[in-house]
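I have placed the structure first, in the form of structure tokens, so that the comments after it can refer back to it.
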Amino acid sequence: MEMRDQLDHLLSRYRQSCPEPEAGAGFTPGVWARIEARRNWIWKLQVYARGLVGAAAAACMMLAAIELSPWTEVNPLYTKSYLEALDDDDAPETLTYVDVIHHLDGGTEIQ
Amino acid sequence: MLVDFQLIEKAQRGDDAAFNQIVQVYRKRILGTISRLIGRPEDVEDVAQEVFVRLYYSLDQLRAPEVFEPWLYRLTSNAAYDYLRRRQKRKGEARMADLTEEHVILADAEAGAKQDSQDKQAAAIRDFVHALLEEVSEEDRVLLLMKEVEGLSLKELQEIYGLKENAMKVRLFRARQRVLKAYEESKHKIGFIMSWKAE
């Protein structure tokens, strides 16, 4: 007998050798118990998920209300554009820098 | 089909009595298939119950009642696969390579001592085939058993797994080759099985 045929034969013997199990009396009630258990679990998950979504929505609305409220002061610094801010900048560092060059040059007037 | 389409549609609409009827009709077939797929009588009922629970929660995804049986087979093979994977992780069971002389002698002795007992021989065949199937992945094991032992056609397997015919053939061929190789290496150890064949 060919090896393949032997394997086929073995597998068919295997099928015959496997017992045909009968479902016990508790089989179907067991299925329903598991369905119920999972349903409870899914239900709990849905409740938590809904709670989480509600809390997130409330937080969003609260932040939006704070943002839009007339009492919230807007920092004037951030209302300027970059060029406006540069134009207005008369910070002392610029002067100090010029001053340093002035000294390094041995007291000569550069400008 | 063991049930009519209306019953499936009723179950799909949430009719628990209809679902109960489906369980009653199909449980024997599913238990038999799982028994052959997992080879552990003590866990068969548990896996079969899981199949029906999955069926209950996935019935609404069933496109048409006509494909109910492939769908149920798919759930069955998935549940069996999950079980085998869990068991493999848990126990790291002996592979065919580890099918030691001791293992075989034990089975041989068992069968030899009680040659009159077909039950013992059947148990030896089961053990031997399970050891052979350790050579392939759990997924291929389920696929191979579905084809070779359950007798499903390529077309049915295509419906169940959603694979193309060629891909299915290649996978089955490779799995079968591996099992065949393992069988070739160890067939000398199972003379009692082949002699039983002649009876």
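Residue numbering restarts at 1 for every chain, and letters A, B, ... go by the order of the sequence lines.
- Remark: D4(B) does not engage K10(B) in a salt bridge, criterion side-chain N to carboxylate O under 4.0 Å.
- With contacts defined as side-chain heavy-atom distances shorter than 4.5 Å, the pair L143(B)/Y81(B) does not qualify.
- For V23(B), the part sitting under 4.5 Å from any heavy atom of chain A is the side chain, from C-beta outward, and nothing else.
- At a 4.5 Å heavy-atom cutoff, the contact between V44(B) and chain A is made by side-chain atoms alone.
- K147(B) has its side chain out of reach of R176(B): every pair of non-hydrogen atoms, C-beta onward, lies at least 4.5 Å apart.
- Residues of residues 39-47 of chain A lying within less than 4.5 angstrom of chain B, judged on heavy atoms, are R39(A), I42(A) in numerical order.
- Side-chain contact between Q16(A) and R13(A): present, with at least one pair of heavy atoms (C-beta onward) separated by less than 4.5 Å.
- Looking at heavy atoms from C-beta onward, L37(B) lies out of side-chain contact with E138(B) at the 4.5 angstrom threshold.
- Heavy atoms closer than 4.5 Å to chain A are found in the side chain of L145(B), but not in its backbone.
- No salt bridge links E135(B) with R141(B); every basic N to acidic carboxylate O contact stays at or beyond 4.0 Å.
- Contact check for L11(A) versus V179(B): no side-chain heavy atoms found under the 4.5 Å cut-off.
- Ranked by heavy-atom pairs under 4.5 Å with chain A, the list E184(B), E50(B), E148(B) is led by E50(B).
- With contacts defined as side-chain heavy-atom distances shorter than 4.5 Å, the pair R29(B)/E69(B) qualifies.
- Interface summary for chain A: among L144(B), I30(B), V53(B), I34(B), the most heavy-atom pairs under 4.5 angstrom belong to V53(B).
- With rounding to the nearest 0.5 angstrom, the OH atom of Y73(B) is 14.0 Å from the CG atom of N78(B).
- Electrostatic pairing of R86(B) and D43(B) does not count as a salt bridge here, judged by no charged N lying under 4.0 Å from a carboxylate O.
- Residue-level contacts of residues 19-38 of chain A with chain B, in order of numbering, are P19(A), E20(A), P21(A), E22(A), A23(A), G24(A), G26(A), F27(A), T28(A), G30(A), V31(A), W32(A), R34(A), I35(A), R38(A); threshold 4.5 Å between heavy atoms.
- Proximity to chain A (any heavy atom under 4.5 Å) is restricted, for Q24(B), to the side chain, taken from C-beta onward.
- Between Y26(B) and L55(B) the shortest side-chain heavy-atom distance does not fall below 4.5 Å.
- Between R54(B) and D82(B), some side-chain heavy-atom pair lies under the 4.5 Å cut-off.
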